[in-house]
Amino acid sequence: MMWLREDLLKSIWHAFTALDVDHRGKVSKSQLKVLSYNLCTVMKIPHDPVAFEEHFKDDSKGPLSSDGYMPYLNWFILDKVQEDFDVTEFHRMCWTLCYKKKMHSPHLSISINDAFKVWCIFNFLSEDKYPLVIIIDEIEYFLRKLTEAMGIGLDEEKFAEYKANSKSCLSAWETINLVGMTYFCREVEPQTLSMGINHVFTELIMDVLKQGYMVKKGHKRKNWTERWFVLRPTALSYYESEDVLDLKGEIVLDQSCCVEALNDKDGKKCLFIIKCSDKSFEIRAPDKKKRQEWIQAVHSCIQLRRLGLTSPHHEARRRRREVRQRQQAEEEELAERMKELQAANERKQRELEDMRMVRLQMEEQMAQKSSELEQYLQRVRELEDMYHLLEEALEDERQAKHDEEAMRKLQSRLLQEEAAKRVELEQLHLQQQRELVQTEVEKKELIAEQQAKDRDLQAAALQLQRLEKERQDALEQYEEMSKKLERAANKTKTWKDKVAKHEGLVRLIQPGQKEPQRMTNWGPASFTDTELEMRKKFWHNTTEMT
């Protein structure tokens with residue numbers, strides 16, 4: 001059976017490590033040969049030394065490791081194991097090889113035999129990993145069963161303190177010291193402790209589910225005989241006495257068996273019957289409570305057989321390991337999730353830090369943008385003010401253009417008048433030439449007058465050039481129209497004054513008088529009455545002088 005092989009390997013591992021004197025993980029071939037012979041002897045397997053030598057013929061250089069010895073152990077010993085050998089003797093042989101080298105505490109309150117039983121219990125409860133250790137949960141399970149067997153119960157407070165301050169796992173020898181130093185049962189007698197250890201050993205290692213005295217009815221003589229009954233997962237054995245040396249019979253429990261209580265008969269009470277395929281067994285328990293306990297225990301064994309399961313202790317151990325494995329897987333998954341959550345939290349923290357930095361940057365940018373917005377709004381207000389100023393300037397410019405246009409029209413009209421005056425002057429000049437031909441006196445006078453007229457014409461021409469230049473300056477200084485207009489007005493005033501001084505050759509058009517228009521040599525209305533009077537006086541004086 002697989003569980004049997006695992007338990008056998010644990011005891012063999014202790015023996016192998018005991019032979020490893022140098023603690024290098026290797027044992028000499030001669031020692032392994034002796035170990036293999038002893039294993040074959042206690043397990044009732046024929047030993048073949050030739051096969052041993054043939055298997056290790058390539059390993060003649062030195063000692064062998066456990067990995068090198070394991071194939072031989074599996075093929076030539078464990079694969080040939082039958083269930084008819086004494087497992088206790090096998091464990092004791094392995095114990096004998098190792099306990100003297102490993103046990104060093106002289107102050108144990110338990111015997112070597114009890115230490116051997118604790119060692120076997122350790123192997124049963126230890127993990128299937130090497131080097132072998134027993135975890136704290138299995139230690140608690142063992143101590144609970146031990147203290148319950150002694151009838152005292154486990155001190156929860158003391159164990160919680162021990163659990164908090166001790167290692168999470170113990171070796172076989174540390175477990176023996178823990179039990180032998182009676183840390184959890186100091187007030188218990190050594191004999192009581194030994195009985196408790198034996199009870200747990202019998203239950204876990206020997207697979208004894210229940211034992212005790214009952215009376216059995218015989219098959220041939222039909223007499224009632226007291227026997228010591230021992231219940232194991234596969235059979236209910238009965239012995240002569242509780243020393244279990246003289247086996248009187250065995251009730252094999254299989255799937256077809258059943259157990260039930262019987263009514264009292266023939267003065268016999270507390271009866272129950274075990275029905276098998278070939279025969280039935282009538283048994284009388286000491287009392288009704290014991291009868292119910294035995295019926296329940298036998299029924300549990302039959303149910304295990306029907307389900308194809310091993311002993312309840314092995315099943316309980318397997319379930320505890322599965323629970324621990326699930327818990328460990330859940331813890332690992334939880335730890336992994338915690339790591340993931342922690343990593344996610346760290347990422348979130350980094351993201352939050354980044355977001356905080358981004359927020360600070362955004363706040364700085366917002367402050368900067370707010371400042372820029374304030375500046376922009378200030379600029380907008382300034383632009384609006386400038387726009388209003390520009391509108392006013394444009395209005396002024398439009399007004400200036402309007403005034404300029406009016407000035408242009410005025411200048412154009414003045415130029416037209418000047419051209420007309422020039423034509424009149426030319427005609428007047430021609431007329432004067434004709435008149436000079438007529439009279440000599442008038443000729444001289446006309447020559448003088450002509451010279452004066454030429455001078456006036458030259459001055460008028462210069463004045464016209466200056467007016468043309470001023471008009472061009474007025475066009476070039478269009479943007480400063482108000483000032484240009486003012487200068488143009490001043491220049492026009494100057495021009496009017498000069499025209500008035502130059503005997504009316506060029507004179508601004510003014511509203512005409514209502515009197516009849518006068519005709520002179522210089523054309524109609526060339527002079528006013530005052531100017532004509534002055535001319536007459538000038539001519540009269542000139543004539544007198546000649």
Side-chain angles (χ1 to χ4, degrees), residues 3-43 45 47-81 85 87-106 108 112-135 138-139 167-180 205:
W3 64 265
L4 179 60
R5 173 172 293 207
E6 293 174 354
D7 292 343
L8 295 178
L9 281 174
K10 291 179 180 180
S11 296
I12 296 172
W13 178 82
H14 282 289
F16 184 90
T17 55
L19 297 176
D20 181 16
V21 180
D22 299 333
H23 304 289
R24 296 184 302 168
K26 293 186 177 182
V27 179
S28 64
K29 285 176 58 177
S30 59
Q31 290 178 313
L32 289 180
K33 189 173 183 179
V34 175
L35 176 61
S36 300
Y37 176 78
N38 291 332
L39 292 174
C40 291
T41 301
V42 298
M43 300 171 78
I45 299 172
H47 180 254
D48 188 357
V50 177
F52 182 89
E53 295 294 339
E54 182 67 22
H55 183 79
F56 294 107
K57 64 181 180 179
D58 296 331
D59 299 309
S60 58
K61 294 183 180 181
L64 299 173
S65 65
S66 59
D67 293 336
Y69 181 63
M70 188 57 66
Y72 173 81
L73 181 65
N74 285 322
W75 297 338
F76 293 95
I77 298 178
L78 297 181
D79 287 347
K80 299 178 181 180
V81 170
F85 73 95
V87 178
T88 305
E89 184 181 357
F90 164 79
H91 290 311
R92 194 172 293 279
M93 186 273 295
C94 296
W95 162 260
T96 304
L97 290 176
C98 65
Y99 85 93
K100 292 182 180 180
K101 298 180 181 180
K102 299 294 184 179
M103 285 184 61
H104 303 294
S105 178
L108 298 179
I112 297 299
N113 187 45
D114 290 337
F116 161 71
K117 293 178 181 179
V118 174
W119 180 79
C120 292
I121 295 171
F122 167 86
N123 289 339
F124 178 78
L125 297 177
S126 63
E127 300 297 301
D128 295 334
K129 297 178 182 179
Y130 298 92
L132 294 175
V133 293
I134 182 172
I135 64 174
E138 295 297 324
I139 294 173
K167 298 188 297 184
S168 60
C169 56
L170 299 177
S171 66
W173 317 108
E174 291 172 337
T175 305
I176 293 172
N177 289 334
L178 177 65
V179 177
I205 307 304

Chemist: Are Asp114 and Val179 close enough that some pair of their side-chain heavy atoms sits under 4.5 Å apart?
Modeler: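 In short, these two side chains do not touch, never coming nearer than 4.5 Å.
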Chemist: Supply the atom-to-atom distance Leu97 CG to Leu39 CG, rounded to the nearest 0.5 angstrom.
Modeler: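 Rounded to the nearest 0.5 Å, the CG-CG separation comes out at 8.5 Å.
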Chemist: Considering only heavy atoms from C-beta outward, does the side chain of Lys80 approach that of Cys40 to under 4.5 Å?
Modeler: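 Side-chain contact under 4.5 Å: no.
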Chemist: Looking only at atom types and distance, does a side-chain atom of Asp20 sit under 3.5 Å from a main-chain N or O of Arg24, one as donor and one as acceptor?
Modeler: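 It does hold such a pair.
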Chemist: Would you mind reporting whether Val50 and Glu53 have side-chain heavy atoms less than 4.5 Å apart?
Modeler: no
Chemist: Looking only at non-hydrogen atoms, find the nearest pair between Lys102 and Trp173 and report the distance.
Modeler: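 Distance-wise, the nearest heavy atoms are CB-CE2, 3.0 Å.
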Chemist: Does atom OH of Tyr130 have more than 12 heavy-atom neighbours, drawn from other residues, nucleotides or ligands, at distances under 6.0 Å?
Modeler: yes
Chemist: To the closest 0.5 Å, what do you measure between CE (Met43) and CG (Leu8)?
Modeler: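 Atom-to-atom, Met43:CE and Leu8:CG are 4.5 Å apart.
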Chemist: Check the orientation of Tyr72 and Tyr69. Use parallel for under 30°, tilted for 30 to 60°, and perpendicular for over 60°.
Modeler: tilted
Chemist: Please report the closest heavy-atom contact between Phe116 and Thr88, naming both atoms and the distance.
Modeler: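 Taking every non-hydrogen atom into account, CZ-O, 3.9 Å.
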Chemist: Check step by step if side chain to side chain contact (heavy atoms under 4.5 Å, CB included) holds for Arg92 and Asn113.
Modeler: CA-CA 9 Å; Arg92 194 172 293 279; Asn113 187 45; 3.1 Å; yes
Chemist: Can you name the closest pair of heavy atoms from Val42 and Phe85 and give their distance?
Modeler: O-CB, 3.6 Å
Chemist: When rounded to the nearest 0.5 angstrom, what distance separates CD in Glu89 from SG in Cys94?
Modeler: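 So the CD of Glu89 and the SG of Cys94 are separated by 11.0 Å.
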Chemist: For Asn74, enumerate each residue passing the side-chain contact (heavy atoms from CB on, under 4.5 Å) test, keeping only those at least two apart in sequence or located in another chain.
Modeler: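 Per chain and number, Asn74 pairs via side-chain contact (heavy atoms from CB on, under 4.5 Å) with Arg5, Met70, Leu78.
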Chemist: As an exercise, state the distance from OG of Ser36 to NE2 of His47, rounded to the nearest 0.5 Å.
Modeler: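 Answer rounded to 0.5 Å: 5.5 Å.
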Chemist: Could you state the interatomic distance from OG (Ser168) to CD1 (Ile139), rounded to the nearest 0.5 Å?
Modeler: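 Nearest 0.5 Å value for the OG-CD1 distance: 9.0 Å.
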Chemist: If you take all heavy atoms of Leu19 and Gln31, which pair is closest and at what distance?
Modeler: O-OE1, 3.6 Å
Chemist: Is the shortest heavy-atom distance from the side chain of Phe76 to the side chain of Asp48 under 4.5 Å?
Modeler: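 The answer is no; the side chains never approach within 4.5 Å.
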Chemist: Shortest non-hydrogen contact from Lys33 to Pro49?
Modeler: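 Of all heavy-atom pairs spanning Lys33 and Pro49, the closest is CE-CB, 4.1 Å.
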Chemist: Evaluate side chain to side chain contact (heavy atoms under 4.5 Å, CB included) for Thr41 paired with Tyr37, printing each intermediate quantity in order.
Modeler: CA-CA 6 Å; Thr41 301; Tyr37 176 78; 3.8 Å; yes
Chemist: What closest approach, in Å, do Ile176 and Ala115 show between heavy atoms, and which atom pair accounts for it?
Modeler: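 For Ile176 and Ala115, the tightest heavy-atom pair comes out as CD1-O, 3.7 Å.
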Chemist: Would you please test Ile135 and Glu138 for side chain to side chain contact (heavy atoms under 4.5 Å, CB included) and show each step?
Modeler: CA-CA 6 Å; Ile135 64 174; Glu138 295 297 324; 4.0 Å; yes
Chemist: Say you draw a straight line from CG of Leu170 to CG of Asn177; how long is it, rounded to the nearest 0.5 Å?
Modeler: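 Rounded to the nearest 0.5 Å, the CG-CG separation comes out at 9.5 Å.
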Chemist: Mind listing the side-chain donor-acceptor pairs of residues 117-125 below 3.5 Å, one per line with the distance, residues two or more places apart or on another chain?
Modeler:
unit_1 : atom_1 : unit_2 : atom_2 : d
Lys117 : NZ     : Asn198 : OD1    : 2.5
Asn123 : OD1    : His14  : NE2    : 2.9

Chemist: Can you confirm whether more than 12 heavy atoms, excluding those of Lys101, are under 6.0 Å from its NZ atom?
Modeler: yes
